[in-house]
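Each ligand, and each atom within it, is numbered from 1 in the order the structure gives. Computed from heavy atoms alone, side chains included, the values below leave out hydrogens, waters and symmetry copies.
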Amino acid sequence: MMMNVCVLGTGYVGLVTGACLAEIGHDVTCVDSDVDKLAVLTHGDIPIFEPGLQKIVQMNAEMGRLRFSDDLRSALEAEELVLFVAVGTPTAPDGSADLSALFNAVATVARQRSARCPQGFMILVVKSTVPVGTCKRVQAVLSSHLPGSQFAVVSNPEFLREGCAVQDFMHPDRIVVGCTSPRALMAMRRLYAPLIGRGHCLVETDAVETSELIKYASNVFLATKIGLINEFARLCEAVGADVVELSRAIGLDHRIGVHCLVAGPGFGGSCFPKDLRALVDLAGKQERPMPIAEAVIASNAEHKRIMAMKICGALDGDVQGMRIAILGLSFKAGTDDIREAPAIDLIATLLDLGAILSAYDPHANTPAARLFPEVDYAACVEDAVSEVDAIVIMTEWAEFRDLDWEHLASVVSQPLVIDLRNHLDPERLASCGFDYVGVGRPKFNNAAYDAVPFLAISKGQSSSPSAA
Ligand code: UDX
């Protein structure tokens with residue numbers, strides 16, 4: 001049954017939410033104050049790289065079920081309205097979640113709703129990731145403008161992975177709804193009925209705080225798995241084990257599971273780092289510290305530092321003047337997002353150590369160039385790796401697997417690949433004449449590369465003054 005929906009914020013989450021709600025049959029207005037972004041969307045383009053999104057945006061816009069506007073006032077005139085707030089909640093300087101955009105939006109909605117449609121019933125759905133207790137604060141703001149019978153606040157956290165967000169929305173492991181209003185709960189059941197009807201699970205919590213905390217708990221568990229497998233990768237290098245085989249074997253235990261167990265350069269993105277910091281901040285303020293979550297943050301930071309030292313170790317401990325190609329800049333494959341991407345930390349460290357860097361990413365060259373204009377951004381892999389002393393794989397783009405590595409061995413200065421995603425086939429690289437260094441795969445390290453100097457470097461006792 002079609003419902004009136006307004007989505008406030010057309011970022012990674014808001015745009016996917018609006019488009020997918022239209023896709024399942026609702027009438028959706030996406031509102032944003034960024035007129036440049038709205039112009040792109042109204043023109044039928046997408047301001048972000050998200051597979052499958054452009055198609056459903058265009059199709060639903062053509063069917064008249066999806067529109068983009070900067071006019072929140074008009075959108076608030078609908079008698080029965082479900083209003084999603086999907087504005088950003090970035091990390092504040094003190095590590096807490098910055099909720100200024102959220103509360104500015106809520107205050108505007110409260111004022112305009114009371115002026116435009118005081119008798120209707122509005123469900124304000126907090127889709128943004130927010131600290132526990134935020135929905136109650138939103139409720140208080142709305143109560144100062146609207147009678148309690150005319151609105152309800154619902155927590156409906158998202159579990160969308162960038163790069164497969166449309167898939168995750170249309171085929172959710174679960175939909176979580178936290179609210180105390182029976183009327184709002186009935187409305188949310190109607191809203192998600194097309195997905196529930198396909199067998200997807202709706203989890204209802206009558207304590208909104210439970211719903212808010214579920215989001216953080218999910219991300220901390222996922223980040224902890226990644227942090228732990230990265231620590232095992234480092235241990236594998238010291239003892240001669242293989243982390244890919246280890247990950248597969250422990251992941252076959254259904255209580256562990258194979259997902260989020262792939263060793264790499266450390267986790268990044270706009271969620272895990274931010275949500276972990278916000279959770280630790282919240283737990284601290286509640287005098288319920290969470291040392292495991294704190295350790296995951298520290299472990300990930302240390303892992304990214306050690307990855308940079310690993311590259312130094314593979315280049316005899318000194319990258320001063322060395323030409324290094326970084327393949328992959330986004331925080332993972334399938335997105336153009338470089339927020340807290342490990343590649344960004346790596347570039348900063350290697351530039352500080354005097355390396356000369358080139359880089360290529362199929363979608364993220366442009367945002368990275370805004371941060372590091374001194375890096376040479378190539379239009380293709382071959383241009384990026386020409387005459388380099390080492391190639392570093394930072395993002396697991398499929399195209400990197402299909403490269404003509406035999407030809408690339410003829411254009412590099414030194415045939416060395418440091419694959420921080422274990423993305424490539426080590427034996428194929430070796431057959432093409434490359435020395436290969438993976439993460440947690442010492443049996444494939446056919447470079448003159450020994451874990452001992454690496455571990456010495458990782459303790460800050462570098463074998464060379466330049467590998468600081
Ligand atoms: C995450 C959560 O998965 C999602 O449920 C939540 O809604 C938002 O945050 P996202 O940050 O988009 O999604 O990406 P995800 O696929 O979870 O990867 C996060 C980081 O972990 C990336 O840097 C990725 O490269 C890394 N990662 C992921 C690993 O290093 N190993 C893995 O096995 C999985």
[atom] - nearest protein heavy atom and its distance:
atom                    : result
atom 12 (O) of ligand 1 : Glu162 N, 2.7 Å
atom 9 (O) of ligand 1  : Cys271 CB, 3.0 Å
atom 1 (C) of ligand 1  : Phe272 CE2, 3.6 Å
atom 3 (O) of ligand 1  : Arg161 CG, 3.2 Å
atom 11 (O) of ligand 1 : Phe331 CE1, 3.6 Å

In a table with atom names and distances, give each donor-acceptor pair under 3.5 Å that connects a side chain of residues 6-19 to protein atoms at least two apart or in another chain.
from: Thr10; atom 1: OG1; to: Asp32; atom 2: OD2; distance (Å): 2.6
from: Tyr12; atom 1: OH; to: Asp336; atom 2: OD1; distance (Å): 2.8
from: Thr17; atom 1: OG1; to: Val13; atom 2: O; distance (Å): 2.8

[X] to ligand 1: N or O pair under 3.5 Å?
X      : value
Gly269 : no
Phe267 : no
Glu396 : no
Ile226 : no
Glu158 : yes
Arg421 : yes
Lys215 : yes
Leu261 : yes
Leu222 : no

Parallel, tilted or perpendicular, as decided by the 30° and 60° cut-offs, for the rings of Phe84 and Tyr192 |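 If you compare the ring of Tyr192 with that of Phe84, the planes turn out perpendicular.
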
Could you tell me how the ring of Phe400 sits relative to the ring of His423: parallel (under 30°), tilted (30 to 60°) or perpendicular (over 60°)?
->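 Phe400 and His423: perpendicular rings.
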
Nearest heavy atom to atom 32 (C) of ligand 1: which of Leu160, Val439, Val262, Val258 does it belong to?
->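 Going through Leu160, Val439, Val262, Val258 one by one, Val262 has the nearest heavy atom to atom 32 (C) of ligand 1.
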
Closest to atom 10 (P) of ligand 1 among Glu340, Lys332, Met394 (heavy-atom distance) |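 Looking at heavy atoms only, the winner is Lys332.
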
With Arg277, which residues qualify under salt bridge (Lys or Arg N to Asp or Glu O under 4.0 Å), at least two apart?
->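 Arg277 satisfies salt bridge (Lys or Arg N to Asp or Glu O under 4.0 Å) with Glu340 once adjacent residues are dropped.
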
Is a donor on one side and an acceptor on the other found under 3.5 Å between the side chain of Glu158 and the backbone of Lys127?
->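 Here the side-chain-to-backbone pair does not exist.
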
Determine yes or no for a side-chain-to-main-chain donor-acceptor pair under 3.5 angstrom, with Lys215 supplying the side chain and Asn156 the backbone.
->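 No: the side chain of Lys215 does not pair with the backbone of Asn156.
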
Side-chain H-bond candidate by donor/acceptor type, [X] with [Y], under 3.5 Å:
X      : Y      : value
Tyr436 : Asp419 : yes
Glu162 : Ser330 : no
Glu212 : Thr134 : no
Ser211 : Ser155 : yes

